[in-house]
Amino acid sequence: RPETLWQAWNLAPPVVLGIVLAASTYGLGVVASRRSGHGPGPRRVLYFYAGLVVVTVSLVSPLDALATTLFSAHMVQHLMLILIAAPLLVLGAPVLPVMMVLPRTVRRISRTIERAPVVDAVSRAVMNPVVVLALH
């Protein structure tokens with residue numbers, strides 16, 4: 001029924017907490033990275049939060065309830081997450097802000113792993129456009 005559909009918000013704790021955790025971690029990381037003289041610019045921050053809005057609309061709004069009964073609504077969810085939210089989140093450049101929130105030891109370990117020759121070779125191979133297209 002359409003009148004009850006608008007009351008069908010998905011407030012499942014894992015979903016809501018995941019979105020809130022992503023938003024707050026990114027925000028704290030942006031503040032910390034800007035203090036150190038780096039960090040994403042305003043446009044990238046806007047991209048990231050726009051991506052989270054799309055995730056919220058897709059997973060929290062009544063679209064989620066509709067997706068349990070209509071396959072077309074379920075596919076709209078998939079397309080929103082894959083074609084809109086994912087690119088926006090990536091354009092938000094979340095790696096540096098999230099790393100800035102982590103403890104220094106974790107950041108040191110991450111830098112050590114990142115500089116390993118095998119990791120560099122694998123990341124270059126995986127970032128090859130042909131490989132990306134095949135994986136997609």
Side-chain angles (χ1 to χ4, degrees):
R1 295 176 35 191
E3 58 275 356
T4 58
L5 181 63
W6 288 107
Q7 299 169 359
W9 289 80
N10 176 13
L11 300 176
V15 175
V16 175
L17 288 174
I19 293 168
V20 169
L21 181 65
S24 57
T25 301
Y26 184 80
L28 290 170
V30 166
V31 170
S33 60
R34 285 189 179 160
R35 279 190 198 137
S36 70
H38 305 292
R43 184 177 292 166
R44 291 207 181 260
V45 173
L46 179 66
Y47 289 147
F48 185 82
Y49 284 111
L52 283 183
V53 167
V54 173
V55 169
T56 303
V57 168
S58 183
L59 299 178
V60 177
S61 78
L63 175 62
D64 189 58
L66 197 57
T68 60
T69 56
L70 289 177
F71 181 69
S72 57
H74 178 74
M75 293 313 296
V76 166
Q77 270 186 316
H78 278 273
L79 292 174
M80 286 175 68
L81 293 169
I82 294 168
L83 297 177
I84 303 170
L88 285 171
L89 293 170
V90 170
L91 283 172
V95 175
L96 178 63
V98 170
M99 290 298 287
M100 293 300 289
V101 176
L102 296 175
R104 287 180 200 258
T105 7
V106 174
R107 288 187 291 199
R108 278 192 211 115
I109 292 169
S110 172
R111 264 186 248 124
T112 304
I113 292 170
E114 180 185 352
R115 291 178 184 150
V118 69
V119 172
D120 185 50
V122 169
S123 68
R124 252 192 267 136
V126 171
M127 293 301 177
N128 180 306
V130 175
V131 174
V132 169
L133 182 61
L135 289 173
H136 177 71

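Model, not experiment: these values are computed from the prediction. All heavy atoms count here, side chains included; hydrogens, waters and symmetry mates do not.
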Tyr49-Val20 co-clustered via ILVMFWY side chain contacts under 4.5 Å
yes

Taking Ser110 for its side chain and Val106 for its backbone only, find out whether a donor-acceptor pair lies under 3.5 Å.
no

Please step through side-chain contact (heavy atoms from CB on, under 4.5 Å) for the pair Leu96 and Met100, ending with a clear verdict.
CA-CA 6 Å; Leu96 178 63; Met100 293 300 289; 4.1 Å; yes

Do Leu89 and Leu28 sit in the same hydrophobic cluster, where Ile, Leu, Val, Met, Phe, Trp and Tyr count as joined when their side-chain heavy atoms come under 4.5 Å apart?
no

Quick one: do Val53 and Leu63 end up in the same hydrophobic cluster if we chain Ile, Leu, Val, Met, Phe, Trp and Tyr together by side-chain heavy atoms under 4.5 Å apart?
yes

Gap separating the CD1 atom of Ile109 from the CZ atom of Arg104, nearest 0.5 angstrom
14.5 Å

Distance from Thr68 atom OG1 to His74 atom NE2, nearest 0.5 Å?
10.5 Å

Closer than 3.5 angstrom, by distance alone: can the side chain of Ser24 be matched with the main-chain N or O of Leu21 as a donor-acceptor pair?
yes

Which residues pass the side chain to side chain donor-acceptor pair (under 3.5 Å) test with His38, sequence neighbours left out?
none

Note: Val30 and Pro40 closest approach over all heavy atoms is CG2-CG, 3.8 Å

Heavy-atom donor-acceptor pair, Ser61 side chain to Ser58 backbone, under 3.5 Å:
no

Which heavy atom in Pro97 sits nearest to a heavy atom in Pro94, and how many Å separate them?
CD-O, 3.4 Å

If you measure from OG1 on Thr112 to CZ on Arg108, what distance do you get to the nearest 0.5 Å?
9.5 Å

How about Leu88 and Phe48: do any of their side-chain heavy atoms sit closer than 4.5 Å?
no

Exam field: side chain Thr56 to backbone Leu52, donor-acceptor pair closer than 3.5 Å:
yes

Are Val90 and Met99 linked, directly or through other ILVMFWY residues, by side chains that come within less than 4.5 angstrom of each other?
no

Nearest non-hydrogen partners of Ala85 and Val55, listed with the distance:
CB-CG2, 3.7 Å

In short, Val126 meets Val131 closest at the heavy-atom pair O-CG1, 3.9 Å

Test of understanding: clusters of I, L, V, M, F, W, Y form through side-chain heavy atoms closer than 4.5 Å, transitively. Do Leu17 and Val15 belong to the same one?
no

Determine the minimum heavy-atom distance between Thr25 and Val101, stating which atoms define it.
O-CG2, 3.4 Å

So which heavy atom on Met80 is nearest to which on Val57, and how close?
CE-CG1, 3.6 Å

Leu59 and Leu81: side-chain contact (heavy atoms from CB on, under 4.5 Å), yes or no, with the steps?
CA-CA 9 Å; Leu59 299 178; Leu81 293 169; 4.1 Å; yes

